[in-house]
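Written out below as structure tokens is the structure these notes cover.
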Protein chains: 2
Amino acid sequence: MPRWKPDAAERLQTAALELFDQQGFERTTVAEIVQRAELTQRTFFNHFADKREVLFRLSSRLQEEIVREIAAGDDALPPLDAVVRALEVVADKMFEDHRAVVARRHAVIAANPELLERELGKNAALTEAIAAALQARCGDPETAFLAAGAAMLAQQAAFRQWTRPGETRTLRDLLLDAVRSLRTTVG
Amino acid sequence: MPRWKPDAAERLQTAALELFDQQGFERTTVAEIVQRAELTQRTFFNHFADKREVLFRLSSRLQEEIVREIAAGDDALPPLDAVVRALEVVADKMFEDHRAVVARRHAVIAANPELLERELGKNAALTEAIAAALQARCGDPETAFLAAGAAMLAQQAAFRQWTRPGETRTLRDLLLDAVRSLRTTVG
DNA sequence: GATGTGATTGCAGCTTGTGCAATCACCGTA
DNA sequence: TACGGTGATTGCACAAGCTGCAATCACATC
């Protein structure tokens with residue numbers, strides 16, 4: 001028989017999400033999480049740099065997908081459209097079918113300032129990565145940064161709406177709406 | 001004679017900034033900071049919620065000024081222009097004459113992921129406050145959010161440039177340039 | 001002169017996070 | 001089958017961040 005039960009990281013994430021959801025992030029200790037996942041504290045910190053990171057297991061993959069999609073896109077597209085198209089593709093691939101889980105996770109994050117800060121950090125890193133991908137194509141760093149930031153702003157507005165109870169439109173449609181609104185508001 | 005030396009919070013901030021600048025945020029302990037400021041750890045945590053917060057003493061005042069300036073502005077201005085005007089005024093009042101100190105502080109923050117996350121949190125809170133101030137005037141929440149986010153994006157681009165060594169233009173001018181670039185990129 | 005206020009302090013204790021060494025199933029190779 | 005390397009997990013000791021509670025005592029007020 002195997003020495004350990006498989007999927008330690010996933011078990012830790014699941015246990016953590018359940019506990020954070022029930023009793024809040026601050027009122028949950030790492031000791032409780034590892035007890036539920038039948039592991040030890042040391043193992044928790046082998047998998048995750050800190051207590052917050054357990055909720056962001058997929059963000060690096062998300063960033064890779066988006067950057068790849070930008071690089072694979074049509075070079076003739078204006079920078080903002082290039083990013084938006086990539087976000088559409090990834091929204092369909094990684095979000096659309098998991099609205100309930102994603103909304104649940106987002107509620108946990110939104111309920112705690114520390115987790116919110118971590119998410120902002122991930123978003124900022126993603127924005128930088130997008131800007132770098134754009135710059136590899138179009139050149140000008142400031143344009144790349146502004147296009148990346150604008151796209152992420154629209155994405156954020158769309159995501160907020162998408163996780164509202166009762167909302168049924170797809171994230172892709174909401175993103176396109178948000179881009180239209182942004183063009184009106186800025187232009 | 002007075003029981004304690006005055007301005008404890010300011011002394012703590014000064015001591016912390018010096019130490020962070022010399023040896024980095026992570027390599028500096030709260031014990032070192034309070035020793036330099038001639039206070040105790042308990043007093044440090046009476047003044048600041050955590051070790052990072054010592055670098056953000058002025059951010060609440062900054063937020064108040066900007067929100068007040070938006071409320072005091074011309075009601076007929078489109079939302080983005082209303083925010084930009086407020087940012088211009090506050091840039092002149094609180095930043096323009098302190099480029100060296102501000103750049104120094106920004107370098108310390110940029111050098112550490114934890115501090116960067118905290119700054120992103122402050123910026124997000126400021127964006128929400130701006131959006132709320134706009135919404136009190138123009139109504140639509142999504143437009144308010146997008147205008148606030150777009151203005152903060154331009155502000156961020158301008159600030160980056162303003163703190164570059166050798167840059168001599170004013171933050172106000174750089175902000176207006178960034179808004180123009182944003183309009184081009186988005187529109 | 002009595003009294004209340006508030007900034008500071010000491011201390012005990014919990015939680016997060018790290019370095020280092022040890023364990024032991026699994027895998028490839030001889 | 002035997003053998004040695006790999007890698008995920010663990011225990012332990014410890015630094016550092018942060019909190020609750022009670023005590024101090026200059027200062028202001030009456």
Side-chain angles (χ1 to χ4, degrees), chain A residues 1-20 22-57 60 108-109 111-119 121-122, chain B residues 1-20 22-57 60 108-109 111-119 121-122:
Chain A
M1 70 179 148
R3 185 166 181 194
W4 298 291
K5 295 211 253 177
D7 306 317
E10 193 185 330
R11 274 157 52 212
L12 287 167
Q13 187 195 25
T14 302
L17 186 55
E18 288 170 0
L19 288 169
F20 294 166
Q22 289 169 20
Q23 45 186 335
F25 175 78
E26 300 167 84
R27 304 227 167 282
T28 303
T29 65
V30 175
E32 292 175 277
I33 298 169
V34 300
Q35 185 180 0
R36 176 175 290 225
E38 294 177 286
L39 290 164
T40 66
Q41 293 213 24
R42 198 64 192 81
T43 301
F44 182 96
F45 288 110
N46 284 343
H47 284 279
F48 306 106
D50 58 53
K51 185 181 156 190
R52 297 178 247 172
E53 207 51 25
V54 69
L55 285 182
F56 296 87
R57 255 203 331 153
S60 66
V108 169
I109 291 174
N112 184 271
E114 290 182 64
L115 292 171
L116 209 43
E117 281 187 356
R118 175 57 49 86
E119 178 153 88
K122 299 290 187 190
Chain B
M1 70 179 148
R3 185 166 180 193
W4 299 292
K5 296 211 253 176
D7 305 316
E10 194 185 329
R11 274 156 54 211
L12 287 167
Q13 187 196 24
T14 303
L17 185 56
E18 289 170 1
L19 288 169
F20 294 166
Q22 289 170 19
Q23 46 186 342
F25 175 78
E26 299 167 85
R27 302 229 166 279
T28 303
T29 66
V30 175
E32 292 176 277
I33 298 170
V34 300
Q35 185 179 1
R36 175 174 289 225
E38 293 175 288
L39 290 164
T40 66
Q41 293 213 26
R42 199 64 193 80
T43 301
F44 182 95
F45 289 110
N46 284 342
H47 284 278
F48 306 106
D50 59 51
K51 184 181 159 191
R52 297 177 247 173
E53 202 59 20
V54 69
L55 284 183
F56 297 87
R57 255 205 331 153
S60 66
V108 169
I109 291 174
N112 183 273
E114 291 182 62
L115 291 172
L116 209 44
E117 281 188 356
R118 175 57 48 86
E119 176 152 271
K122 299 291 187 189

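Chain A is the first sequence line, chain B the second, and so forth, proteins listed ahead of strands; every chain is numbered from 1.
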Just the rounded figure in Å: distance from [atom2] of [N] to [atom1] of [X].
X: A:Asn46; N: C:dT16; atom1: CG; atom2: P; value: 16 Å
X: A:Phe48; N: D:dT9; atom1: CZ; atom2: C1'; value: 14 Å
X: A:Glu114; N: C:dT15; atom1: CD; atom2: C1'; value: 12 Å
X: A:Glu32; N: C:dT15; atom1: CD; atom2: P; value: 9 Å
X: A:Glu38; N: D:dA8; atom1: CD; atom2: C1'; value: 17 Å

Partners meeting side chain to side chain contact (heavy atoms under 4.5 Å, CB included) with [X] (sequence neighbours left out):
X: B:Ala31; answer: B:Thr29, B:Gln41
X: B:Leu17; answer: B:Leu55, B:Val108
X: A:Arg36; answer: A:Ala15, A:Glu18, A:Leu19, A:Gln22

Those residues that, when tested against A:Phe56, pass ring-ring contact (aromatic ring centres under 6.0 Å, His included) (two or more places apart)
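A:Phe56 satisfies ring-ring contact (aromatic ring centres under 6.0 Å, His included) with no other residue.
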Could you pull out all residues at least two apart from B:Phe48 that satisfy ring-ring contact (aromatic ring centres under 6.0 Å, His included)?
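Testing B:Phe48 for ring-ring contact (aromatic ring centres under 6.0 Å, His included), a comparison that skips the adjacent residues, returns B:Phe44.
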DNA chain D contacts among residues 5-20 of chain B, heavy-atom distance under 4.0 Å:
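When residues 5-20 of chain B is checked for heavy atoms under 4.0 Å from DNA chain D, there are no hits whatsoever.
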Has B:His47 got a side-chain N or O lying under 4.0 Å from the OP1 or OP2 atom of C:dA7?
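No, because none of the side-chain N or O atoms of B:His47 sits under 4.0 Å from OP1 or OP2 of C:dA7.
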Between the protein and nucleotides 15-18 of chain D, which nitrogen or oxygen pairs come in under 3.5 angstrom?
residue: D:dG17; atom: OP1; partner: B:Lys51; partner atom: NZ; Å: 3.2
residue: D:dG17; atom: OP2; partner: B:Val30; partner atom: N; Å: 3.3
residue: D:dC18; atom: OP2; partner: B:Lys51; partner atom: N; Å: 2.7

Distances under 3.5 Å between nitrogen or oxygen atoms of protein and nucleotides 10-13 of chain C:
residue: C:dG10; atom: O6; partner: B:Arg42; partner atom: NE; Å: 3.4

Salt-bridged, A:Lys122 to A:Glu53, with N to O below 4.0 Å?
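Answer for the salt bridge query: yes.
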B:Arg52/B:Glu119 ion pair, N-O < 4.0 Å
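Looking at B:Arg52 and B:Glu119, the cut-off is not met.
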Taking side-chain hydrogen bond (donor to acceptor under 3.5 Å, both in side chains) as the definition, give me every residue that meets it alongside [X], ordered by chain and number, with sequence neighbours left out.
X: A:Glu38; answer: A:Lys5
X: A:Glu114; answer: none
X: A:Thr28; answer: none

Pairs touching residues 6-15 of chain B that satisfy side-chain hydrogen bond (donor to acceptor under 3.5 Å, both in side chains), sequence neighbours left out:
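Sorted pair list: B:Gln13-B:Arg57.
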